[in-house]
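Keep in mind the model is a prediction, meaning the values are calculated, not measured. All ligand and atom numbering here is 1-based and tracks the order in the structure.
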Amino acid sequence: MSLYITTPIYYVNAQPHLGHAYTTIVADTFSRFRKLCKEDVRFQTGTDEHGDKVAEAAQAAGIAPKEYADRISAMFREAWPPLSIKPDTFIRTTDEDHIRTVQEILQKVYDQGDIYLGSYSGLYCRGCERFLTDKELVEGKCPDHQTTPTPISESNYFFRMSKYQDWLIDHIKRNPSFITPERYRNEVLSFLSEPLEDLCISRPKSRLTWGISLPFDDDFVTYVWFDALINYLTGIGYPDSDEFRRYWDAAAHIIAKDILKPHAIYWPTMLKSIGLPPYKHLHVHGYWNINEAKMSKSIGNVVRPETLRQDYGVDTVRYFLMREMSFGLDASFSDESIIARQNSDLANDLGNLFSRSLTMINKFTDGLIPAPAGLSREDKELAEAAVNMVNEYTDQMNSFAFNRALQAVWAVISLANKYIVTTEPWVLAKDKTKADRLNTVLYNLAETLRLITLVLSPVMPETGLKMALALGNTEAEFNNQNLIDHCAWGLTASGMKIKLGDSLFPRLEKKSKTGSKDSKGKKKEKGSPEDKKNADNAANLVSFDDFKKLDLRVAEIKAAEKIKKSERLLKLTVTAPEERTLVAGIAEYYQPEELVGRQVIMVANLKPVKLMGVTSHGMVLAARDEQGRLTLTSPGEEISPGSKVS
Ligand code: ME8
């Protein structure tokens, strides 16, 4: 089977924001998912460069429209690879082949009598680039752009859209999956219950020159929507390329609800007039809002995807967008919600399952995935749940219910975390007669992680690769995995060598968007008394003699446990080489069992202190960054416990 998945082509009157990134990440994820189902996929995005809005933005920037379009189009093109978005084609409506295709199509529609010259007066919204009906206005304004439309009266060319109204209603009714989710299908049918007007498809050059000239009348340029929608055909080489024959029947467009009407009404009727079958699916999503208002360049409340990527990492951004929005409905963006997802879903649930399992395989079976013995009830339960997860995930992904697909994965992550608690591998490891049981448990964890890696990779490609490599696969094996041949239980080969690495996701603390803040959340000013104090502190340098007083040693953790009633503190029993107890404030970042066997650096000659009833004879060193990520320091390679650090 083939799939031709597209995003809208974005206007080049402003830079990419999170709304554009969302649609494009959905298209990328879906494309990766269907490739994982061994399908032949083509994914297209691009930029929409003609029309009033772009001409105005170029004028405001004081440069020619083409130069302006080149600049912003490049920003869109360059925004995608850092977000792991890999389109097969990036189309621009100023491309030569697109201009030629638009003119050929216009001529064809004109020749068969579907375009006529008429006159028009109406209310024009520059933001929407179309005339609005009275019904669409809210208190006289465009509801999307909050602007009063301009009355315009002029001669123009019209496309006989009304001629295809009955055919379109019939097509929508016969094909329930033509427009999804259903609410948008109903919205379109309700709109079509009133008589459809013909579509004005030209602009006189006296008013606008930045567009594609009509092939049959050089005094006019093409209306930007008639031009833009045709990109979906140009991109696959309409009318006579192999790609066109291969992909047009499998076309699926993803858009937000703002451009439902052009895609659900103008476009299928245009296609009908050209004699082509309509696209297969139109998938419509809601808006990302900020404080209840649509994130939009005209309102100016935008979040830049690049800023988010730098703050949270690409896979956290992708996961958050796919998990947080229920496709079709609106969702709210806030830093708090993305941090909450990172901490609970990624660092806690997935990150802990991963690091606990790998640490135990590393420690208890020398880093080799062991061979399983007989399966108990709880083993079967885990295996069954993991295999069912793949099916459930596949169904939900195919129906664009990405949040539900991810919920299904997280149900298994949580089951596997519970499985660790009930099977207690660290207890099994102490008893030689329980080796078979330990092997089975560790194998089952590795196999569950393999299936989790498989299904998560379309959403989080970097994390997927990291997990696959850690589980002992090569990059080529990761790239060759698929949902058809690799979804059964028991495919992990025992004896594979795992590779322990860094944790997948750090825990984050609540942070500000606008740079460094003090503890009360007030933004710090440069040159403030506080800055002066920091400068004084920096001058307060430590002498080498003072430094020499510190006795830093390598310590090996033998046991770790939570301290009752404390959320932060862990009690560590270490050897250096003599045994001693340390108390460390790292419980939010590490599970006790993943610490056992690790070497750390400690300050060995601190005065003992009592914390929550436990006396600490020293302090473990850790690094913490501005986002609150924490990692324990350790010697670069294993060395005898007690070695001096100097
Ligand atoms: O309409 N939430 O381009 P455009 C979710 N050039 N998605 C959002 C969003 C938000 N707050 N804001 C924007 C155009 N989007 C035309 C399209 S297609 C032949 C021509 C996304 O730059 C969403 O996909 O205004 C929406 O449909 C699209 O950007 C509009 O992009």
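Between T23 and ligand 1, at least one pair of N/O atoms sits closer than 3.5 Å. An N or O contact shorter than 3.5 Å links M295 to ligand 1 by distance. The N/O atoms of A256, backbone and side chain alike, include one that comes under 3.5 Å of an N/O atom in ligand 1. At least one N or O atom of D48, backbone or side chain, sits closer than 3.5 Å to an N or O atom of ligand 1.
In this structure, of F76, W288, W267, the residue bringing a heavy atom nearest to atom 2 (N) of ligand 1 is W288. Residue Y10 holds the heavy atom nearest to atom 28 (C) of ligand 1 of all those in Y10, Y266, Y11. Proximity annotation for atom 29 (O) of ligand 1: of H20, K53, H253, H20 comes nearest, heavy atoms only.
A salt bridge is absent between D249 and K280; no separation between the charged side-chain nitrogens and carboxylate oxygens falls under 4.0 Å. Ion pairing of K294 with D258 is present here, as a side-chain N (NZ or NE/NH1/NH2) and a carboxylate O approach within less than 4.0 Å.
Checked against the 6.0 Å centroid threshold, Y238 and H98 do not count as a close aromatic pair.
The aromatic rings of F131 and Y120 are tilted relative to each other, their planes meeting at an angle between 30° and 60°.
Residue contact annotation: Y232 has a non-hydrogen atom under 4.0 Å from ligand 1. The closest approach between any non-hydrogen atom of P262 and ligand 1 is not below 4.0 Å. At a 4.0 Å cut-off, not a single heavy atom of K257 sits close enough to ligand 1 to count as contact.
Cation-pi contact between R77 and Y10: absent, since separation from the ring centre below 6.0 Å together with deviation from the ring axis within 45° is not met.
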Exercise for the section: Before giving the answer on salt bridge (charged side-chain N to carboxylate O under 4.0 Å, His left out), spell out for D218 and K205 the whole-Å C-alpha distance, their side-chain angles and the decisive distance to 0.1 Å. Expected result: CA-CA 8 Å; D218 202 41; K205 284 192 180 164; 3.3 Å; yes
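Listed for the W288 side chain is no donor-acceptor partner under 3.5 Å among the backbone atoms of Y22.
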